[in-house]
Amino acid sequence: MPGLWERLRGGLTRTRQGLGDRIRGVFAGRQWSDDLWESLEEILYEADLGVDTVNFLLERTRAEVWNQRPRKAEAVVELLKRHMVELVRMNGDPRSLADHRPTVWMVVGVNGTGKTTTVGKMAYQMRERGFKVVLGAADTFRAAAQEQLSVWASRAGVEIIGQGYGADAAAVAFDTIRAASARQADLVIIDTAGRLHNKSQLMQELAKVHRVTGRALAGAPHQVWLVLDATTGQNGLLQAQVFLETVQVTGIVLTKLDGTAKGGVALAIARQLAIPVCWMGVGEGLDDLIPFDPEAYVEAILGGDLNA
Ligand SMILES: Nc1nc2c(ncn2[C@@H]2O[C@H](COP(=O)(O)OP(=O)(O)O)[C@@H](O)[C@H]2O)c(=O)[nH]1
Ligand SMILES: [Mg+2]
C-alpha cells in the first residue's frame, strides 16, 4: 500500500499536469522577468482557481518580488507556493475528536458528490486508529441509501443504525447518537440526503437533523463536513452556498480529485468560502481519503518531486 504522500501525489496528477508542469515548462532555468506574470496568471486561471483567488495570490507574490528582486523564475514559484500554503492553512485540527464521547460528525452535500463513500472511508480510518464508530443512515429519501451505507459499514467494520426508507431523518440521527452513547462509542458519523422533492425541503430537513442532534447530545454536531465534488470546480462553490446558509459547515471534504485537473479549487474554496478543506477524496476505495495537509497539497500540485 503506497504511503499518504504517494497517494496524494497520484490523486493530484492531472492537477499537477495543468499547474506545476506547465509553470515549470515556462519558468524552468529562466531568469525572472516581469513579462512572465502574464503566463503565470493565465495558467492559474485555466486551473479553475477563479479571478478573486488568482488576484489575491498574485498581488501578494508581486509585492514580494518587488522587494526581493529574485533572479530566477523558480524563486517566484517558491514565493507563490508560500502564499498558497498560507491560504489553505487551518486553525487547529477539526479532524480530532472532542474531549467527551461520542463526537458527532454530520456529512452534507449535493447528491452524488460522494457523501456516503466519504462516510465509509472516514469510518474505516477512524476505526483503524482504534476508535469505536457508529454510522447513522439519515439519508432516508432514496430506497437504496441505507443499503449502500451498510455495505460501507461492513467494509469498515463498524456498526450502523437506521430505520429504513422513508423514516424521519432527524429521528434516525437521534437514535444513532443515543445508541452510540449507550455503547460508549467514540464517534458517530451521520450520512444525510443530498436531494429531496425540492431544495427548500432538503434544507429544512438538514436544519432539523442538526437541531435534533444537539438535543440528543449537547454540543453536537461537533463537525459538519460539506462534501464538494472537485470535478465541478467553481460551479461546486455556487452549490455549496445554499448549504452554508442552512447549517454551520465547519470543514470541507473535496472528492474525486483523481481524474480531474480542477484540484486547484481547494485554493478558491479557502478564499471564497473561508472554510478549511480538511479531507481529500482521491478514489473509490476505503483508503482513498487523505487528511488535508497544506504543505503537502501545494507541493503535490506545484512541486517537483519531494522524494528526489
Ligand atoms: N473517483 C472517485 N470517485 C468517488 C470519490 N468519492 C466518491 N466517488 C464516487 O462518486 C459516486 C457517488 O458517491 P456517493 O457516496 O454515493 O455520493 P452521495 O450521493 O453524495 O452519497 C460513487 O460512484 C462513488 O464511488 C472519489 O474521491 N474519487
Ligand atoms: Mg449518499
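All residue numbers refer to positions in the sequence shown, counting from 1. One-based numbering, in listed order, for ligands and for the atoms of each.
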Q: Determine, step by step, whether Leu206 and Phe243 satisfy the side chain to side chain contact (heavy atoms under 4.5 Å, CB included) criterion, reporting the C-alpha distance in whole Å, the side-chain angles of both residues, the deciding distance to 0.1 Å, and the verdict.
A: CA-CA 9 Å; Leu206 291 177; Phe243 285 87; 3.6 Å; yes
**Q.** Minimum heavy-atom distance Met280-Leu8, with the two atoms named
**A.** SD-CD1, 4.0 Å
Q. What's the shortest heavy-atom distance between Val172 and Gly162, and which atoms?
A. CG1-CA, 4.3 Å
Q: Consider every N or O of Leu257 and every N or O of ligand 1, then say whether any pair is closer than 3.5 Å.
A: no
(Q) To check your reading of the model: name the closest protein heavy atom to atom 17 (O) of ligand 1, its residue, and the distance in Å. (A) Gly114 N, 3.0 Å
Q) Heavy-atom contacts under 4.0 Å between Arg142 and ligand 1: side chain, backbone, both, or neither? A) neither
Q.
If I take every N, O or S atom of Thr116, is at least one of them less than 2.8 Å from the Mg ion (ligand 2)?
A. yes
Q) Taking atom CD of Gln163 and atom CG of Asp168, what is their separation to the nearest 0.5 Å? A) 7.5 Å
Q.
My understanding is that we take every heavy atom of each candidate and find the minimum distance to atom 14 (P) of ligand 1. Doing that for Val108, Leu289, Thr117, which one comes out nearest?
A. Thr117
Q: Tell me whether the centres of the aromatic rings in Phe56 and His83 are closer together than 6.0 Å.
A: no
Q | Closest heavy-atom pair and its distance - Lys115, Ala193 | A | CE-C, 4.0 Å
Q.
Any atom of ligand 1 sitting under 4.0 Å from a heavy atom of Met280?
A. no
Q) Asp288 to ligand 1: N or O pair under 3.5 Å? A) no
Q) Hey, is Asp258 touching ligand 1 through its side chain, its backbone, both or neither, going by heavy atoms under 4.0 Å? A) side chain
Q: Measure the CD-CG distance between Glu78 and Leu302 for me, rounded to the nearest 0.5 Å.
A: 9.0 Å
Q.
Less than 6.0 angstrom from the centroid, inside 45 degrees of the normal: does Arg69 satisfy that with respect to the ring of Trp66?
A. yes
Q: Under 4.0 Å from a heavy atom of Gly281: give me the atoms of ligand 1 that qualify, with their elements.
A: 27 (O)
Q: Run the contact test for Arg195 against ligand 1 with a 4.0 Å cut-off on heavy atoms, strictly below, and give the result.
A: no
Q. What residue and heavy atom of the protein are closest to atom 16 (O) of ligand 1, and at what distance?
A. Gln148 NE2, 2.9 Å
Q | Shortest protein contact, atom 8 (N) of ligand 1 (heavy atom only) | A | Lys256 CE, 3.8 Å
Q) Between Asp191 and ligand 1, which part of the residue brings a heavy atom under 4.0 Å of the ligand: side chain, backbone, both or neither? A) neither
Q: May I ask you to check whether Thr118 has an N/O atom sitting below 3.5 Å from an N/O atom of ligand 1?
A: no
Q | Hphob cluster co-occupancy, Val158 + Met106, side-chain heavy atoms under 4.5 angstrom | A | no
Q) Which ligand 1 atoms, with their elements, are less than 4.0 angstrom from a heavy-atom of Asn111? A) 19 (O)
Q. With a 4.0 Å cut-off on heavy atoms, is Gly112 touching ligand 1?
A. yes
Q: Would you please determine whether Val110 falls within less than 4.0 Å of ligand 1 on a heavy-atom basis?
A: yes
Q. Would you say Thr255 has any N or O atom under 3.5 Å from an N or O of ligand 1, going by distance alone?
A. no
Q. Looking only at protein heavy atoms, which one is nearest to atom 25 (O) of ligand 1, and how far off is it?
A. Glu284 OE2, 2.5 Å
Q. Nearest to atom 26 (C) of ligand 1, what protein heavy atom do you find, and at what distance?
A. Gly283 O, 3.1 Å
Q: Output the distance between atom NZ (Lys132) and atom CZ (Arg101), rounded to the nearest 0.5 Å.
A: 13.0 Å
Q | Residue Val282 vicinity, atoms of ligand 1 by number, heavy atom under 4.0 Å | A | 27 (O)
Q. Among Asp52, Asn55, Thr53, which one satisfies side-chain hydrogen bond (donor to acceptor under 3.5 Å, both in side chains) with Arg271?
A. Asp52
Q. Which is it for Glu284 and Lys121 under the salt bridge (Lys or Arg N to Asp or Glu O under 4.0 Å) test, yes or no, and what are the steps along the way?
A. CA-CA 9 Å; Glu284 295 180 280; Lys121 293 170 178 174; over 6 Å; no
Q.
Can you classify the ring geometry of Trp105 versus Trp225 as parallel (below 30°), tilted (30 to 60°) or perpendicular (above 60°)?
A. perpendicular
